Amino acid sequence: MSAATPALVPLRVAAGFVVGVALLAVAPWILDFTPYSHNLVTLAFLLISGAVAWNWMGGFLGQVSFGHAALFGMGGFVSARLLLSGPVPAPLAWLVGGLVAGVFSLGAHPALRLRGPYFSIATIGLGESVRLIFTYWEDFTGGSSGLSLPIDPDMKHQLYWWGLGLAAIVVGMSWLMRHSTFGLQLLAIKADVDAAGDVGVSATFYQDLVFVLSGAVVGVSGGLYASYFSFIEPNDMFGFDRSIAFVLMTVIGGVGTILGPVLGAIVFVLLRQYLLASYPDLYLGLYGTLLIFIILFEPLGLAGLLGRLARLARSWRAPAAEGGTP
Amino acid sequence: MERFIDLSLSAIMLAGLYATMAYGLGLIYGVLRVVNLAHGGVIMAGAYLGWVLFERWGIDPYLALPLVIVASFGLGILMYRLLVRHLPRGPAGGPASLLLLFGTWLVLRNVAYLLFTGNDQSIRTSYSTASVPFLGTYVSVNRLAVLGVAVILPILLQLLLKKTYTGRAIRAVAQNADSCTLVGVDVERIYALTFGIGTALAGVAGLLSATIFSFNPGFGSGELLKSFVVVVLGGLGSILGVGLAAFILAVVEVFAILVLPSYLTSAVGFVMLVLVLVLRPGGLFGHRVLG
């Protein structure tokens, strides 16, 4: 953690970030996206936001959640209900969806104060309970037949930038978290809750804070998802597969890193689109195999792999430079 | 009153099944400090193995018990040697072990799906619907048999842990693995054995459930949750505690049917888990390691 002290954002990082976001923002005009690729990229933005938010809990705080679909679904259904109920501006509906999801994750506070395996197993149960309740709460979610929102091509078009904005904000927050005292406090809690308490880091307070933030972001991305696809259904939104997806994206990319979940989400979207469309029967096994291999061979995922390559390149260049000066 | 006796009896018989599921999870956690998230997957695998033996070769599920025990023991040894052995030990390895075993579970589910499709299956023997009169109501013969197995197994397990050298070594490793290395216990071997015994118990639990409930490749996530509730409630490692805790869970679940809509009964285990973890994190009977 060498880069934990500087208070200002280094110019290079800030510039790279701004240029990257700007390029993505003008990409739809320059590249003349087909509806298909527009779909794919927007979905990637939403999943990036979700994965980064999962990573705040799973990576920074060390609390592995297998139930994030509950928050995603809640954000989606609350904002869809609001949009259906009357002339509510869409951004407000998404925000309310996010807030509800955030408050819900705070409401689950007793369960979420657990640590380690206790926490993870509780999230499996929590996710399943929420899915059951929402599937049977037909007045709110439409039951297994789901909810349809009016299709609005303009809105669909705009959602590209909303998604990009959300992803950019969330990645920026990740960076700030990692490079601030707050991030160090989270790391302390992850390493040893009791020791963190001894040096004055309130584990309860910071965990709650991260849960609310993570829940709110996942909720907002659920709301955007509902608006983009105009049809949502409880078994899909709250499904176990979706919870797994958040875990998987982050693990593929690199748990606890800043760019890892971004890379992971992109790989995940591509995998799903190009590989699993042809082998729908194999997707669970493929996810499982990926998890196993990553944990055994490169626990930091793609980010770890890139770091390794960078070190390799450096060590390869260094002797070469030495050889050049006799 | 008749209803009450009915429900109490089914609670007792359900408790036997829950206890069998939970012993495996508790044993592995007690010795290796790893929560076997693939536990539900092994339970599912045990159910399918019993089903295949019954459907293809007509082997009665109770005669198939030894086969299922051997097969799921082997699966456990394999899982330990190939995967779990390579994990970092201690609290730092926590998230890694969860993710690794979760991945294993997904693979098991997918294999079952490819082999047997996603359709619901069940083992229907000639005596599946037979029952005997008892205290003015009827008790299913099959459920009695399940209860019998569930009572005999922990006694055997207890004998193994108390009377044999291997059992004493397992208990010693649970207390302090480093000291065991010093006095010449092959800790790796004990870990592998323990993992195998734990999964063998899960396999048996799967076979027993298959004679009562229908199952598909997704079967086992509720069972994992229940096993965990029982282990936490019973305090880790105490066999009597696990039995009692299984009984408590079964009673609460069975009687919840009276007041809750049926789709919510599966949430009962979860609510209990949270209550127990928050109110009595050490379990009802305190913390004991394999006593």
Side-chain angles (χ1 to χ4, degrees), chain A residues 58-59 61-67 108-133 135-137 190-193 240-241 244 247-248 250-251 255-256 279 281-297 299, chain B residues 29 33-38 40-41 82-83 86-88 91-114 117-118 217-218 221-222 224-229 231-232 261 263-275 277-279 281:
Chain A
L61 202 54
Q63 294 275 61
V64 175
S65 156
F66 292 113
H109 169 102
L112 300 181
R113 262 176 56 198
L114 308 167
R115 294 217 43 96
Y118 296 101
F119 173 82
S120 299
I121 294 194
T123 56
I124 295 180
L126 190 63
E128 270 307 283
S129 313
V130 169
R131 183 182 67 83
L132 283 172
I133 292 168
T135 310
Y136 283 91
W137 188 6
K190 177 183 178 178
D192 190 328
V193 196
F240 196 41
D241 294 346
I244 300 171
V247 181
L248 202 73
T250 316
V251 175
V255 179
Y279 306 102
D281 287 353
L282 287 176
Y283 81 104
L284 270 187
L286 189 72
Y287 289 177
T289 317
L290 263 176
L291 268 179
I292 293 173
F293 272 86
I294 291 169
I295 295 295
L296 285 184
F297 297 112
Chain B
Y29 187 78
R33 299 282 144 192
V34 164
V35 173
N36 181 12
L37 269 194
L82 286 180
L83 307 172
H86 304 289
L87 287 171
S97 73
L98 288 172
L99 292 169
L100 180 78
L101 288 160
F102 185 72
T104 312
W105 184 17
L106 295 183
V107 172
L108 285 173
R109 266 169 86 158
N110 204 153
V111 170
Y113 180 79
L114 289 178
T117 73
S221 65
L224 169 72
L225 196 67
K226 284 169 188 169
S227 311
F228 198 71
V229 176
V231 168
V232 172
Y263 64 87
L264 276 182
T265 44
S266 50
V268 168
F270 165 69
V271 174
M272 275 189 72
L273 175 67
V274 172
L275 283 181
L277 286 173
V278 173
L279 299 176

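Chain A is the first sequence line, chain B the second, and so forth, proteins listed ahead of strands; every chain is numbered from 1. All values reported here derive from a predicted model rather than from experimental measurement.
- To the nearest 0.5 Å, the span separating CG on B:Leu106 from CG on A:Leu291 amounts to 6.5 Å.
- Residue A:Thr289 touches chain B through both its backbone and its side chain, counting heavy-atom pairs closer than 4.5 Å.
- No option in B:Val111, B:Leu114, B:Asn110 other than B:Asn110 meets the side-chain contact (heavy atoms from CB on, under 4.5 Å) test with A:Leu284.
- For a residue to count as touching a neighbouring chain, one of its non-hydrogen atoms must lie under 4.5 Å from one of that chain's; by this rule B:Leu224 touches chain A with the side chain only.
- The shortest heavy-atom contact between A:Gly285 and B:Val107 is O-CG2, 3.8 Å.
- Heavy-atom pairs under 4.5 Å with chain B peak, among A:Leu282, A:Thr135, A:Ile133, A:Ile124, at A:Leu282.
- Scored by the side chain to side chain contact (heavy atoms under 4.5 Å, CB included) test, B:Val268 finds B:Val252, B:Glu253, B:Ala256, B:Leu260 as partners (sequence neighbours excluded).
- At a 4.5 Å heavy-atom cutoff, B:Leu101 makes no contact with chain A through either its backbone or its side chain.
- Taking the six-membered ring where tryptophan is involved, the planes of B:Trp105 and A:Phe240 are tilted, since the angle between them lies from 30° to 60°.
- When each of A:Leu132, A:Val64, A:Ile294, A:Asp281 is scored by its heavy-atom pairs under 4.5 Å with chain B, the top score falls to A:Asp281.
- We find the CG-CG distance between B:Leu87 and A:Leu296 to be 6.5 Å, quoted to the nearest 0.5 Å.
- Neither the backbone nor the side chain of A:Phe293 comes within less than 4.5 Å of any heavy atom of chain B.
- Under the rule for a side-chain hydrogen bond (donor to acceptor under 3.5 Å, both in side chains), B:Thr104 has no partner lying at least two apart in sequence or in another chain.
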